[in-house]
Amino acid sequence: MKILVTDDSKMARKMVIKTLQEALDDKNYEILEAQNGQEALDLYKEISPKIVFLDLTMPIMDGFAALEKIKEFDENAKVVVISADIQKLSMDRVLQLGAFNFVKKP
């Protein structure tokens, strides 16, 4: 199983990866990292991960645009947005764009 973790903060990516490693019973997984939405989109097209964890505020391509483009490429993509942007408008927008879930970043 391939998992893609996307955040411009290396520390945030490491925290998500650590949490995933602790939570996953199945050790048959590969975690890949992207630093921005464009990298996430390119990697998604290349590796077709089972799930994507995606920050919203990033350079080059933000999470909103990346989510939209990933869902255009694969309408069945499972994308979980992890963001400190907890405004209702942002949460509603990502869910409308097809996010599987929204998790508030500490």
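- Residue pairs meeting the side-chain hydrogen bond (donor to acceptor under 3.5 Å, both in side chains) criterion with at least one partner in residues 45-54, sequence neighbours excluded, do not occur; the list is empty.
- Interatomic distance, CD1 of I70 versus CG of L41, reported as 6.0 Å (0.5 Å rounding).
- The side chain to side chain contact (heavy atoms under 4.5 Å, CB included) search around M15 returns M11, not counting sequence neighbours.
- Residues satisfying the side-chain hydrogen bond (donor to acceptor under 3.5 Å, both in side chains) criterion with K18, sequence neighbours excluded, are absent altogether.
- Considering every non-hydrogen atom in both V5 and R13, the closest pair reads O-CD, 3.8 Å.
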(request) Kindly indicate, with the supporting measurements, whether the criterion side chain to side chain contact (heavy atoms under 4.5 Å, CB included) is fulfilled by L32 and I47. (result) CA-CA 10 Å; L32 295 106; I47 65 168; 3.4 Å; yes

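- Sorted by first then second residue, the side-chain hydrogen bond (donor to acceptor under 3.5 Å, both in side chains) pairs that include residues 64-81, not counting sequence neighbours, are Y44-D74.
- No chain of hydrophobic side-chain contacts below 4.5 Å, direct or via other Ile, Leu, Val, Met, Phe, Trp or Tyr residues, connects L24 to V79.
- With a 4.5 Å cut-off on side-chain heavy atoms, L20 and I3 count as touching.
- Here the OG1 atom belonging to T6 is positioned 8.5 Å from the CG atom belonging to N36, to the nearest 0.5 angstrom.
- A distance of 5.0 Å separates CG in L97 from CG in L67, rounded to the nearest 0.5 Å.
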(message) Could you walk me through whether V81 and N101 satisfy the side chain to side chain contact (heavy atoms under 4.5 Å, CB included) test, starting with their C-alpha distance in whole Å, then the side-chain angles of each, then the deciding distance to 0.1 Å, before giving a yes or no?
(response) CA-CA 6 Å; V81 172; N101 203 349; over 6 Å; no

Do any side-chain atoms of residues 86-93 form donor-acceptor pairs under 3.5 angstrom with protein atoms, and if so which ones, sequence neighbours left out?
residue, atom, partner, partner atom, Å
Q87, NE2, D85, OD1, 3.2
K88, NZ, D92, OD1, 3.2
K88, NZ, D92, OD2, 2.9
S90, OG, D85, OD1, 3.2
S90, OG, D85, OD2, 2.8

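- For D42, the side-chain hydrogen bond (donor to acceptor under 3.5 Å, both in side chains) partners are Q38, not counting sequence neighbours.
- Of all heavy-atom pairs spanning G37 and A66, the tightest one is CA-CB, 3.6 Å.
- Partners of K14 according to the side-chain hydrogen bond (donor to acceptor under 3.5 Å, both in side chains) rule, which considers only residues two or more places apart in sequence or in another chain, are E33.
- Both I17 and I51 are part of a single hydrophobic cluster, where members link through side-chain heavy atoms under 4.5 Å apart.
- Clustering ILVMFWY residues whenever any of their side-chain heavy atoms sit less than 4.5 angstrom apart, transitively, puts M1 in a cluster other than the one holding L4.
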Quiz: residues 52-62 side-chain donor-acceptor pairs under 3.5 angstrom, not counting sequence neighbours:
residue, atom, partner, partner atom, Å
D55, OD1, K105, NZ, 3.4
D62, OD1, F64, N, 3.1
D62, OD1, A65, N, 2.8

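- V94 and V103 are assigned to two separate hydrophobic clusters, defined by single-linkage of ILVMFWY side chains at heavy-atom distances under 4.5 Å.
- Contact detail for I31 and Q21: the closest heavy-atom pair is CD1-CG, 4.2 Å.
- F100 CZ: 12 or fewer foreign heavy atoms inside a 6.0 Å radius.
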